[in-house]
Amino acid sequence: MKDKTALLKIRFVLLMALFGLLGPLVRAIGLPSPVTACLRAWVSAVSLIAFCLVSRRPIDREEFRRTLLPMAVCGALIALDWIGLFAAYHYTTVATATVCYYVEPILILLASPLLLGERFTARHLICALTAFVGMVFVSGVAENGFAAADIRGPLFALLGATGYACVVLINKKLPGGDSILRTTVQLAVAALVTTPYVLLTERGALSIDLRGAVLLLLLGVGLTAIPYILYFSLILRIPARSVAIFSYADPVMAVLLSMFLLGEKMTLFGLVGTVLIIGAALISELGGNKSAPEASEEVKTGKEGE
């Protein structure tokens with residue numbers, strides 16, 4: 001049981017690291033971020049719908065009716081997540097927006113005992129806060145300070161973080177089911193919700209070349225449709241506190257990729273932040289001797305997710 005849970009956690013870390021490719025890929029596409037987000041949702045949703053039609057995948061009508069409303073709400077929250085983050089980039093720096101946005105794992109950790117009945121120890125809370133401090137270092141805010149910008153920037157980032165945290169909590173609250181069906185519904189609703197936002201905010205002419213179109217297809221299928229199926233499946237099977245801590249693998253990988261692929265230099269603060277995040281994740285999952293009640297709780301959580 002413990003070995004299986006550990007393997008699931010490793011898969012989740014690798015999946016979050018995969019999302020670190022988003023930054024370089026979005027930059028290479030060359031479209032405004034809100035447009036890219038909208039097209040990403042459409043490409044992923046259409047590809048999943050096409051897959052279901054071509055493969056004649058059976059749909060559990062009872063499950064579809066039971067989960068349609070909460071999955072539609074999650075789709076709208078995914079759109080809120082993306083729109084909030086992109087709006088934050090408009091009003092403040094990427095570093096400030098990123099720090100405010102990555103309070104999301106802490107929101108998940110704090111809400112999990114109340115909404116999911118999962119317990120966490122002081123060690124887990126300290127590790128989450130340490131990982132957040134590491135995120136501050138990685139973002140560059142520790143060196144350059146917060147941008148003296150419109151307060152709407154941090155507020156939009158926090159709005160996006162809240163939306164994302166709610167997506168995780170709602171998906172974990174619902175009993176297991178068809179992850180492909182759930183992903184398709186959520187991304188389709190996200191596409192529908194982001195479209196009016198893009199139409200209202202993007203006035204200029206847009207163009208994309210063949211290379212950008214291929215990268216957009218890769219973004220929608222390889223970095224959204226398929227990973228989101230795995231993501232929604234995995235978060236049902238590991239504790240919320242692990243989802244929270246391991247989510248920081250995304251920004252760490254983004255920083256490392258920007259260094260190796262884009263030639264950006266890692267500062268001392270960035271290196272310290274990376275060590276803090278990785279160390280916090282390891283200590284959270286491996287450090288200390290579990291007391292009997294805590295160990296039994298983790299086994300219980302693992303069984304419920306299978």
Side-chain angles (χ1 to χ4, degrees), residues 9 12-13 15-17 19-20 22-23 80-82 84-85 88-89 91-116 118-147 149 151 153-169 172 231 235 238-259 266-288:
K9 291 177 180 179
F12 186 79
V13 171
L15 182 62
M16 295 308 300
F19 286 134
L22 286 173
L80 179 67
D81 168 27
W82 293 351
L85 183 59
Y89 290 152
Y91 289 108
T92 188
T93 63
V94 171
T96 301
T98 301
V99 168
C100 294
Y101 180 76
Y102 270 95
V103 302
E104 166 264 318
I106 297 177
L107 295 177
I108 294 175
L109 186 67
L110 295 177
S112 60
L114 178 63
L115 300 179
L116 304 176
E118 295 184 7
R119 293 187 297 176
F120 65 87
T121 65
R123 187 184 80 243
H124 295 117
L125 181 59
I126 292 172
C127 287
L129 294 175
T130 301
F132 179 73
V133 172
M135 183 64 242
V136 174
F137 285 166
V138 167
S139 70
V141 167
E143 297 170 272
N144 305 317
F146 284 97
I151 188 62
L155 290 179
F156 273 122
L158 292 173
L159 183 66
T162 303
Y164 185 78
C166 289
V167 169
V168 173
L169 294 169
K172 283 189 67 65
Y231 179 83
I235 64 175
I238 62 177
R241 62 172 179 264
S242 298
V243 174
I245 295 293
F246 292 151
S247 293
Y248 285 107
D250 178 359
V252 168
M253 181 57 66
V255 170
L256 294 176
L257 288 174
S258 66
M259 181 175 61
M266 177 177 284
T267 65
L268 177 60
F269 278 96
L271 179 60
V272 171
T274 300
V275 172
L276 285 175
I277 292 172
I278 295 175
L282 292 176
I283 294 173
S284 174
E285 296 300 320
L286 304 176

Without placing hydrogens or testing angles, list every side-chain donor-acceptor pair under 3.5 Å for residues 99-110, not counting sequence neighbours.
residue	atom	partner	partner atom	Å
Y101	OH	D81	OD1	2.6
Y101	OH	D81	OD2	3.2
Y102	OH	D250	OD2	3.1

Distance-only check: which donor-acceptor pairs under 3.5 Å involve side-chain atoms of residues 161-169, not counting sequence neighbours?
residue	atom	partner	partner atom	Å
T162	OG1	L158	O	2.8
Y164	OH	Y231	OH	2.6

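Taken from CZ in F137 to CG in L276, the straight-line distance is 6.5 Å, to the nearest 0.5 Å. From M16, atom CE reaches atom CD1 of I245 across 12.5 Å, with rounding to the nearest 0.5 Å.
When side chains are defined from C-beta on, R241 does not count as touching C127, because their heavy atoms never get closer than 4.5 Å.
In this structure F156 satisfies the ring pair (Phe, Tyr, Trp, His ring centres under 6.0 Å) test together with Y91, sequence neighbours excluded. Here S247 pairs with nothing under the side-chain hydrogen bond (donor to acceptor under 3.5 Å, both in side chains) rule; sequence neighbours left out. Looking at residues two or more places apart in sequence or on another chain, you find no ring pair (Phe, Tyr, Trp, His ring centres under 6.0 Å) involving F246.
Listed here is the closest heavy atom pair of L116 and K172: CD1-CE, 3.7 Å. The heavy-atom pair separating A249 from V13 by the smallest distance is CB-O, 4.0 Å.
At least one donor-acceptor pair under 3.5 Å links the side chain of T130 to the backbone N or O of I126.
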